[in-house]
Amino acid sequence: VVTCYSYEWALVNYINYQIGPRDIVTWRTDYLNDARGQRTGFKTRYYEFDLSYTHWVGDVIELRPELRFEHSRDVDAYDNPSLTPGRGRNSQAMIAADAILHF
């Protein structure tokens with residue numbers, strides 16, 4: 001296909017609270033409407049809730065663990081339902097962490 005029409009829109013909200021000179025807690029909420037399934041592969045609406053903590057080690061290293069919950073409103077978009085029909089899920093939870101090096 002040379003051209004296509006993809007319709008989607010999203011809202012993101014961050015609430016940051018600095019609990020110390022090098023520590024920040026963040027609450028993030030997210031909504032995505034992938035109306036045609038062009039972006040994610042599934043025609044559905046997504047909700048996300050994320051709680052993360054940021055700690056700076058000096059001025060260069062940023063450590064960031066997080067807890068995230070994601071939910072697809074209209075279809076089973078998780079656990080790869082195309083490979084396991086009838087066994088998909090609407091939601092998933094994730095524990096992750098990253099280290100960011102600023103240079």
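Just so you know, residue 1 is the first one in the sequence shown, and it goes up from there.
In this structure, a donor-acceptor pair under 3.5 Å is present between the side chains of Y53 and D23. Of the N and O atoms on the side chains of R28 and Y14, at least one donor lies less than 3.5 Å from an acceptor on the other residue.
For the salt bridge (Lys or Arg N to Asp or Glu O under 4.0 Å) condition, the pairs that include at least one residue of residues 92-103, sequence neighbours left out, are R64-D98.
Side-chain contact between N90 and V75: absent, with no pair of heavy atoms (C-beta onward) separated by less than 4.5 Å. In this structure, Y46 and T40 have side chains that are in contact, with non-hydrogen atoms separated by less than 4.5 Å. Two residues are said to be in side-chain contact when any heavy atoms from C-beta on lie closer than 4.5 Å; T26 and I15 fail this criterion. I100 has its side chain out of reach of I61: every pair of non-hydrogen atoms, C-beta onward, lies at least 4.5 Å apart. When side chains are defined from C-beta on, F49 counts as touching W27, because their heavy atoms get closer than 4.5 Å. At least one side-chain heavy atom of Y31 sits under 4.5 Å from a side-chain heavy atom of W9.
For E66, the salt bridge (charged side-chain N to carboxylate O under 4.0 Å, His left out) partners at least two apart in sequence or on another chain are R68. Remark: L67 engages I95 in a side-chain contact (heavy atoms from CB on, under 4.5 Å) (not counting sequence neighbours). By the side-chain contact (heavy atoms from CB on, under 4.5 Å) test, Q92 pairs with E70, Y78, sequence neighbours left out. Not counting sequence neighbours, the partners of D74 by the salt bridge (charged side-chain N to carboxylate O under 4.0 Å, His left out) test are R45. In this structure R22 satisfies the side-chain contact (heavy atoms from CB on, under 4.5 Å) test together with H55, W56, D59, sequence neighbours excluded.
There is a path of hydrophobic side-chain contacts, each under 4.5 Å, that joins V57 to V60.
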